[in-house]
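Single-structure report; data block below.
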Amino acid sequence: MRKFGKFLDYFFTGMGFGAICYLCILTFANPGVPPTAKGVVSIFILSGLIGILSMIFKTDLPLLSAIIIHFIGSFILFLTMSFINNWLIGWDSIFIFILVYIIIWLIILLEQRKTVNKLNAKIKQRNFNRKS
């Protein structure tokens with residue numbers, strides 16, 4: 001049951017990132033283009049699958065291998081999303097995909113850094129309280 005909970009957690013995290021990206025693209029890259037039911041559902045499902053694909057980082061694979069596999073898998077899911085929604089694939093959309101991929105990575109790294117700093121501060125405080 002715990003694995004299913006993790007599975008859902010990764011799925012919904014991927015859905016969140018995908019929904020934010022979809023709204024940003026509609027707002028800034030394609031203003032005036034309304035979201036469609038098919039577009040929203042495909043974004044939710046395929047972004048969720050990208051989230052599940054992120055579970056690869058919890059394996060024993062070397063980080064570089066995991067990043068390459070995740071990037072390729074994410075790109076294939078992006079292409080699938082584009083096909084389902086009849087979006088044109090060109091160098092500009094590939095550039096946007098890569099840019100968004102990098103931005104999401106930066107957000108995740110900053111969040112992890114913040115968490116590590118909080119944990120380190122709690123450990124230092126606990127060790128300080130023991131010495132006193």
Side-chain angles (χ1 to χ4, degrees):
M1 191 65 173
R2 285 179 110 181
K3 287 187 179 192
F4 184 69
K6 281 281 189 198
F7 180 83
L8 285 178
D9 186 41
Y10 277 86
F11 185 84
F12 286 120
T13 299
M15 266 180 50
F17 277 116
I20 291 168
C21 292
Y22 183 55
L23 289 174
C24 287
I25 287 170
L26 285 180
T27 302
F28 301 113
N30 297 314
V33 175
T36 63
K38 183 171 82 169
V40 171
V41 170
S42 69
I43 292 292
F44 282 166
I45 292 170
L46 293 164
S47 296
L49 293 176
I50 291 172
I52 291 169
L53 184 59
S54 298
M55 294 177 84
I56 195 166
F57 295 108
K58 297 294 181 182
T59 66
D60 293 333
L61 280 174
L63 182 60
L64 183 60
S65 298
I67 289 172
I68 291 169
I69 292 168
H70 185 266
F71 179 83
I72 292 169
S74 296
F75 188 69
I76 290 169
L77 288 167
F78 166 74
L79 292 175
T80 304
M81 213 178 307
S82 298
F83 176 74
I84 289 170
N85 292 295
N86 298 316
W87 297 339
L88 296 176
I89 297 294
W91 289 111
D92 55 340
S93 58
I94 293 170
F95 174 76
I96 290 171
F97 171 81
I98 294 169
L99 182 66
V100 167
Y101 191 85
I102 291 169
I103 290 170
I104 290 172
W105 262 103
L106 290 174
I107 291 168
I108 290 169
L109 291 174
L110 290 172
E111 186 63 31
Q112 286 178 346
R113 188 177 197 188
K114 187 171 93 174
T115 301
V116 168
N117 288 340
K118 283 182 183 179
L119 288 172
N120 285 338
K122 286 182 181 183
I123 290 169
K124 284 180 185 178
Q125 183 64 38
R126 188 183 70 194
N127 289 340
F128 177 76
N129 289 340
R130 283 188 180 171
K131 290 180 183 179
S132 301

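All values below were derived from every heavy atom in this structure, side-chain atoms included, with hydrogens, water molecules and symmetry-related copies excluded.
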Pairwise distance CG(Leu49) to CD1(Ile76) - rounded to 0.5 angstrom: 12.5 Å
Shared hydrophobic cluster for Ile45 and Phe7 (ILVMFWY, side-chain gaps under 4.5 Å): yes
Nearest atoms (heavy-atom pairs only) where Gly18 meets Ser47: CA-OG, 3.1 Å
Partner set under side-chain hydrogen bond (donor to acceptor under 3.5 Å, both in side chains) for Trp105, not counting sequence neighbours: Tyr101
side-chain hydrogen bond (donor to acceptor under 3.5 Å, both in side chains) partners for Ser54, two or more places apart: His70
Student check: side-chain heavy atoms of Tyr22 and Met81 closer than 4.5 Å: no
ILVMFWY cluster, Ile52 and Ile56 together (side-chain gap under 4.5 Å): no
Path from Leu63 to Ile69 over hydrophobic side-chain contacts below 4.5 Å: yes
Same apolar cluster: Leu99 and Leu109, side chain cutoff 4.5 Å: no
Test log, rule side chain to side chain contact (heavy atoms under 4.5 Å, CB included), inputs Phe78 and Ile50: CA-CA 9 Å; Phe78 166 74; Ile50 291 172; 5.6 Å; no
Partners passing side-chain hydrogen bond (donor to acceptor under 3.5 Å, both in side chains) against Glu111 (at least two apart in sequence or in another chain): none
Interatomic spacing from SG in Cys21 to CD1 in Ile96 - rounded to 0.5 Å: 11.0 Å
ILVMFWY cluster, Leu8 and Leu77 together (side-chain gap under 4.5 Å): yes
Note, Phe17 side chain near Ile108 side chain (heavy atom, < 4.5 Å): yes
Partner of Ser42 by side-chain hydrogen bond (donor to acceptor under 3.5 Å, both in side chains), out of Thr80, Asn85, Thr36: Asn85
Identified side chain to side chain contact (heavy atoms under 4.5 Å, CB included) partner of Ile104 from the options Val100, Ile102, Leu106: Val100
Side-chain touch Phe71/Ile98, heavy atoms, less than 4.5 angstrom: yes
Flag if over 12 foreign heavy atoms under 6.0 Å of CG, Leu88: no
Phe83, CZ atom: more than 12 neighbouring heavy atoms under 6.0 Å: no
pair Leu53-Ser74: side-chain heavy atoms closer than 4.5 Å: yes
Closest approach of Ser82 to Ile89 (non-hydrogen atoms, all atoms of both residues): OG-CD1, 3.2 Å
